[in-house]
Amino acid sequence: MSFQVEGKVAVVTGGSSGIGLAAVEILVAEGAKVAWCGRDEERLNASKDYILEKYPHANIFTKACNVLKKEEVQQFAKEVKLNLGNVDMLINNAGQGRVSNFENTQDEDWMKEIELKYFSVLHPVRAFLDDLKQSANASITNVNSLLALQPEPHMIATSSARAALLNLTHSLAHEFTQYGVRVNSILLGMVESAQWKRRYETRSDLNLSWEEWTGNIAKNRGIPMQRLGRPEEPARALVFLASPLASYTTGSAIDVSGGFNKHL
């Protein structure tokens, strides 16, 4: 089944690697016009080369942009409109986690987590909202974490900020119905990433394959599917929520954790 996004304009923040790039690729393969940004210009250029090598006729736009800097996001939005037209879908993917407990989390660390989780969403939403209001199939989709509902003591600041983002997403979903803009999110579990790849390179047992090593991690953490997620798996959920296929869905959060959730 098609995602029904052909010809539509999509924006993905943090789109130069991992889940973001996987979402970009799905959207491009489905015929969407796609813009994405990232802070690292070298990685951003590499992601653009990767997409164009696989999809030489793709209609795309990329720009180095720090989503925590309002002026950079506003300029990115202007250039997206100039190059691709009015935006129909915004996928907010920028963000990372902080490992720390209450005792070793300083005041500035709490503030950084709040800034990252809130403003990596607020700046793009504000920059693209006027365009989204003009779309007949407008959507905002936020990448969030299972930590929002299932906090971990060793990630106390991130868990708290993730819960706040879930609340914010739900609030925006209700407020933006008046504009015809749907707002949803996905809740990630443990997903393969460059960070996990780096840890694998320094593993103690060199005889373990990537599948065996990550499978052991998943089993030890109690993930019922006994493996880590692959970037394209949450990316498919993101594109579904962003697409017209989810036209009657707003204020929703799809769990993509391999069954790691402990709540109903």
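Counting begins at 1 with the first residue of the sequence. This structure is a prediction, so every number in the text was calculated from the model and none was measured.
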Using 4.0 Å as the upper bound for N to carboxylate O, is an ion pair formed by [Y] and [X]?
{"X": "Glu79", "Y": "Lys63", "answer": "yes"}
{"X": "Lys8", "Y": "Glu30", "answer": "no"}
{"X": "Glu232", "Y": "Arg230", "answer": "yes"}
{"X": "Arg227", "Y": "Glu233", "answer": "yes"}

Checklist line | Partner residues of Leu84 under the side chain to side chain contact (heavy atoms under 4.5 Å, CB included) criterion, sequence neighbours left out | finding: Val9, Lys33, Ala35, Asn59, Phe61
Any link between [X] and [Y] through a network of hydrophobic side chains (Ile, Leu, Val, Met, Phe, Trp, Tyr) touching at under 4.5 Å?
{"X": "Val87", "Y": "Met89", "result": "no"}
{"X": "Leu52", "Y": "Val12", "result": "yes"}
{"X": "Leu228", "Y": "Leu21", "result": "no"}
{"X": "Leu147", "Y": "Trp196", "result": "no"}
{"X": "Leu172", "Y": "Leu238", "result": "no"}

Do [X] and [Y] make a side-chain contact, defined as non-hydrogen atoms from C-beta onward lying under 4.5 Å apart?
{"X": "Trp210", "Y": "Glu192", "value": "yes"}
{"X": "Asn93", "Y": "Ile19", "value": "yes"}
{"X": "Leu129", "Y": "Phe176", "value": "yes"}
{"X": "Asp255", "Y": "Leu188", "value": "no"}
{"X": "Phe3", "Y": "Ile26", "value": "yes"}
{"X": "Asn184", "Y": "Asn142", "value": "no"}
{"X": "Val11", "Y": "Ile91", "value": "no"}
{"X": "Ser139", "Y": "Asp88", "value": "no"}

Which heavy atom of [X] sits nearest to which heavy atom of [Y], and what is that distance?
{"X": "Val256", "Y": "Ala237", "answer": "CG2-CB, 4.0 Å"}
{"X": "Ala148", "Y": "Ala163", "answer": "O-CB, 3.6 Å"}
{"X": "Val5", "Y": "Pro244", "answer": "CG1-CD, 4.1 Å"}
{"X": "Ala157", "Y": "Thr105", "answer": "CB-CG2, 4.0 Å"}
{"X": "Ser120", "Y": "Leu68", "answer": "N-CD2, 3.8 Å"}
{"X": "Ala173", "Y": "Val183", "answer": "CB-O, 3.5 Å"}

Next item on the list: Apply salt bridge (Lys or Arg N to Asp or Glu O under 4.0 Å) to Lys117 and Glu113, showing your working.
Entry: CA-CA 6 Å; Lys117 301 308 182 290; Glu113 277 300 288; 2.7 Å; yes
Do side-chain atoms of [X] reach the backbone of [Y] as a donor and acceptor pair under 3.5 angstrom?
{"X": "Gln226", "Y": "Ile223", "result": "no"}
{"X": "Gln134", "Y": "Asn86", "result": "no"}
{"X": "Arg182", "Y": "Leu241", "result": "yes"}
{"X": "Ser257", "Y": "Phe260", "result": "yes"}
{"X": "Thr169", "Y": "Leu165", "result": "yes"}
{"X": "Asn220", "Y": "Ile217", "result": "no"}
{"X": "Asn101", "Y": "Asn104", "result": "yes"}

Heavy-atom count around [X] [atom1] within 6.0 Å, excluding the residue itself: above 12?
{"X": "Lys69", "atom1": "NZ", "value": "no"}
{"X": "Glu108", "atom1": "CD", "value": "yes"}
{"X": "Gln75", "atom1": "CD", "value": "yes"}
{"X": "Arg43", "atom1": "CZ", "value": "no"}
{"X": "Glu53", "atom1": "CD", "value": "no"}

Checklist line | Under the salt bridge (charged side-chain N to carboxylate O under 4.0 Å, His left out) test, residues paired with Asp131 that sit two or more places apart | finding: Lys81
Next item on the list: Report the residues that fulfil salt bridge (charged side-chain N to carboxylate O under 4.0 Å, His left out) with Glu72, sequence neighbours left out, ordered by chain and then residue number.
Entry: none
Note to self: side-chain contact (heavy atoms from CB on, under 4.5 Å) for Val67 and Phe119? Distances and angles first, verdict last.
What the structure shows: CA-CA 7 Å; Val67 291; Phe119 288 95; over 6 Å; no
Next item on the list: For Ile186 and Asn144, run side-chain contact (heavy atoms from CB on, under 4.5 Å): C-alpha distance rounded to whole Å, both residues' side-chain angles, the deciding distance at 0.1 Å, then the answer.
Entry: CA-CA 6 Å; Ile186 65 170; Asn144 204 339; over 6 Å; no
Nearest 0.5 Å, what's the [atom1]-[atom2] distance between [X] and [Y]?
{"X": "Glu6", "Y": "Leu27", "atom1": "CD", "atom2": "CG", "answer": "12.5 Å"}
{"X": "Gln74", "Y": "Phe128", "atom1": "CD", "atom2": "CZ", "answer": "10.5 Å"}
{"X": "Leu122", "Y": "Glu115", "atom1": "CG", "atom2": "CD", "answer": "11.0 Å"}
{"X": "Gln150", "Y": "Asn261", "atom1": "CD", "atom2": "CG", "answer": "6.5 Å"}
{"X": "Lys54", "Y": "Glu25", "atom1": "NZ", "atom2": "CD", "answer": "3.5 Å"}
{"X": "Thr250", "Y": "Ile140", "atom1": "OG1", "atom2": "CD1", "answer": "9.0 Å"}

Next item on the list: Please collect all salt bridge (charged side-chain N to carboxylate O under 4.0 Å, His left out) contacts where either partner lies in residues 197-209, sequence neighbours excluded, each pair once.
Entry: none
Next item on the list: Step by step, work out the side-chain contact (heavy atoms from CB on, under 4.5 Å) result for Asp109 and Asp107.
Entry: CA-CA 5 Å; Asp109 300 323; Asp107 288 354; over 6 Å; no
Margin query: For the residue pair Ser243 / Gln4, report whether a side-chain donor-acceptor contact shorter than 3.5 Å exists.
Written below: no
Notebook entry, point to check: Under 3.5 Å, is there a donor-acceptor pair linking the side chains of Ser16 and Ser47?
Noted result: no
Note to self: As a quick check of understanding, evaluate side-chain contact (heavy atoms from CB on, under 4.5 Å) for Thr13 and Trp36, giving each step before the final call.
What the structure shows: CA-CA 6 Å; Thr13 65; Trp36 68 97; over 6 Å; no
Margin query: Connecting only ILVMFWY residues whose side-chain heavy atoms lie within less than 4.5 Å of each other, what is the rest of Leu166's hydrophobic cluster?
Written below: Leu149, Leu187
Next item on the list: Identify, with sequence neighbours excluded, every residue that meets ring pair (Phe, Tyr, Trp, His ring centres under 6.0 Å) alongside His174.
Entry: His170
